[in-house]
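Written below as structure tokens is the structure these notes are about.
Computation of the quantities below employed the complete heavy-atom set of this structure, encompassing side-chain atoms and omitting hydrogens, waters and symmetry-equivalent molecules. Bear in mind that the values here come from a model prediction, so they are computed numbers and not experimental data. Lettering follows sequence order; numbering is per chain, from 1.
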Amino acid sequence: MNPYLYFPRDGSFSGFREEILAESVIAVDTETTGLDPNSDSLRLIQIAVFGKPVFVLDMLLCDDTDRDAVAQILLSPSIKIFQNAKFDLQFLRASGFETGGKIFDTMLAAQLLKTPGGPARFGLDSISAFFLGTVVSKEEQTSGFDGDLREAQIEYAARDASVLLELRGVMAPALVSNGLADIASIEFQCARAIAEIESSGMLLDIDRWNILTDDTRETCRQAESRLFKYAGNWIVQPDFFGSETAVGLNLNSNKQVLDLLHDNGINVADTSKAALSPYRNEPLVKDLQEYRKASKMLGGFLEPMPSFINPATGRIHANYSQIGASSGRMSCWGPNMQQIPRDASFRECFIPSPGNSLVIADYSQIELRVAAQIARDEMMIEAYRNGGDLHKLTASLITGTPVDSVTKKQRQAAKAVNFGLIFAMGARGLQAYAQDTYDVEMSLEEAEEFRDRFFRAYKGINDWHNAIKKNPPRVSRSLAGRRYFHREDEGLAGLYNTPVQGSAADIIKNALGMLTATLKGTGARIIAVVHDEILLESPAENALKVAGILKETMEQADGGFMPDVPLAAEAQVASSWAEKQ
DNA sequence: TCAGTTCGCGCG
DNA sequence: AAAGCGCGCGAACTGA
């Protein structure tokens, strides 16, 4: 067991201030009374440096002198090693501690270093077992940090901090030798922004939300009662209020819904939106879609959302998994703010707190730009360099219309073509995608024709696809060097898409990291990120300036790995999330 | 009864 | 030859 000192029991911590400040690398870990930085509290701060005992500070007991010493050490420019930094950063901030220097996050490092044979879980115990070959038992320290501490708890807390030093010793060289150093520094710097997003949270206009909930309940009920009229094979009875109910019919059961469809002459294989698409004008199908929509809105968003409002802050603090998707994108849960419906009726419920404004920005066509860069497609690069409208250009190329005479409808169709085809969509898929997403009717012949012309016009994209098709890679990289081990059976679409999606993630993560610096002194906070969109809350008087900083930072966030294609972002000041384009 | 899987669908 | 991809979540369904 490594030696440790526990303060204040073992004397005064502040006497060690200078020798710790002289260190260039320190490991920091915390123990808390729970998992919620808004309602639970920080109990222990453990600080480990090479060649010294681990310093364990009991925040319940230590005095202001020791607090000041910790504050200064955390703020120093030395490298700070954390395991899952965003967690500790939130608790530290809630207790008034800010951190300086670069972050090294062992959890993010482990995720970047992940290989097919490596660990699938990234807790400290799993990764120390894998990278150090040591077995760490966490049993003693999982809970009970709010009363008197047992010696074993202090011992394990100290051990966790010293393990971080050892882990970096192994992982830092591994990141370099695996070509992951650049993406690691992007991820590490981004962790600060994610901590800020989670602790900031978002404010929900609950009154407006409740009205929307009531309205949607009514819509759902009406669609339901219309659907019961098709249920001849079920026993239809008037309910207490006189409207009809099909006894035993569960509209959420796809099995039963399939029967209902068949009974009414709609012979589909399954009840998915795609399968029902040819019948979308049938009254039964229309009612079903309306029911499903309303029921999804209710069960998926409207009803659960109020329970996510944190009683301590009155705001919704979602959880972000920084490397949540295999592509390198973030994911979000509890609640997932990345899937809030786009309808203005939903998004207008997300508002700034009094005296503040929202500042919202998103990247313009970032995945297409990334694809242009990866494929080095000359036509696309040229268009983006000249500030052209790529959707219009595609519309012109596939229809033969001069760019200036492209109609709105043509541009809309081209949008579907652009997004669909660079990711290996077939003519069939393109046709359905254009219909579903852009409300564009396209015959199969047209889809085939567009597909053909698209690949003839964009030679670089065509060559990029052909190269992958000819020799499917086992390993590939995003533009910032994020590494992908492709499954044996991974389809072409995945091989095309993963590095594109991941490179876009590299860029926005770089922007988030930069923002923690460029927003300093404005009073603005990052409150959400949705793949290619960043939301801030800013003091109203600064909002216009902040919008400029946000746009500028996002456009400068190429990190040097987008040499041929410029980035473009659009930012605006808003009084709710609905006010966006 | 309950954990795990599948479907369908919200977002990008 | 043909093929969009990536998530999280609720409800239904499956299997022991």
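- Two rings, from A/His465 and A/Phe455, have their centers less than 6.0 Å apart.
- Rounding to whole angstrom units, CD1 of residue A/Ile340 and C1' of B/dC11 are separated by 9 Å.
- Candidate nucleotides B/dC9, C/dC7, C/dG6 were compared by shortest atom distance to the side chain of A/Ser331, and C/dC7 ranks first.
- Checked against B/dG8, B/dG10, C/dG4, the side chain of A/Phe423 finds its nearest nucleotide in C/dG4.
- In this structure, C/dG4 makes no Watson-Crick or G-U wobble pair, since no nucleotide meets both defining distances under 3.5 angstrom.
- Rounded to an integer number of Å, the gap from CG of A/Asn336 to P of B/dC9 is 17 Å.
- Contacts of A/Gly502 with the nucleic acid, taken as non-hydrogen atoms under 4.0 Å apart, are absent.
- Atoms CZ (A/Phe419) and C1' (C/dA3) sit 20 Å apart, rounded to a whole Å.
- The CE atom of A/Met297 sits 15 Å away from the C1' atom of C/dA11 (whole-angstrom rounding).
- The side chain of A/Lys255 approaches C/dT14 more closely than any other nucleotide in the set C/dT14, C/dG6, B/dC9.
- Taking only side-chain atoms of A/Arg292, from C-beta outward, the nucleotide of C/dG4, B/dG12, B/dC9 with the closest atom is B/dC9.
- Under the 3.5 Å distance criterion, the side-chain polar atoms of A/Lys509 are matched with a main-chain donor or acceptor of A/Gln322.
- Among the nucleotides C/dA12, B/dC11, C/dA3, the one closest to the side chain of A/Pro341 is B/dC11.
- At whole-Å resolution of the value, CG in A/Leu535 and P in B/dG12 are 11 Å apart.
- Side-chain atoms of A/Tyr384 and A/Asp564, non-hydrogen and from C-beta on, never get closer than 4.5 Å to each other.
- As rounded to whole Å, 9 Å separates atom C1' of B/dC9 from atom CD of A/Gln339.
- Closest to the A/Ala325 side chain, of the nucleotides B/dC11, C/dG4, C/dC7, is C/dC7.
- Closest to the side chain of A/Trp333, from the set B/dG12, C/dG8, B/dC9, is C/dG8.
- Taking the six-membered ring for Trp and thresholds of 30 and 60 degrees, A/Phe419 and A/Tyr438 have nearly parallel ring planes, at less than 30 degrees apart.
- The nearest heavy atom of DNA chain C to A/Ser327 and to A/Pro335 marks one nucleotide each, and the one closer to the 5' end goes with A/Ser327.
- A donor-acceptor contact closer than 3.5 angstrom links the side chains of A/Glu579 and A/Ser575.
- Remark: the A/Arg329 side chain and the B/dG12 base include a donor-acceptor N/O pair separated by less than 3.5 Å.
- Nearest nucleotide to the A/Ser326 side chain, out of B/dC9, C/dC7, C/dG4: C/dC7.
- Side-chain atoms of A/Lys296 come within donor-acceptor range of the base of B/dC9, with a qualifying N/O pair under 3.5 Å.
- In this model, the phosphate group of B/dC7 is not approached by any side-chain N or O of A/Lys273 to a distance below 4.0 Å at OP1 or OP2.
- Ranking B/dG8, C/dA12, B/dG10 by closeness to the A/Ser253 side chain, first place goes to C/dA12.
- The side chain of A/Gln501 sits closest to C/dC5 out of C/dT14, C/dC5, B/dG10.
- Put simply, OH on A/Tyr433 is 16 Å from C1' on C/dA3, counting in whole angstrom units.
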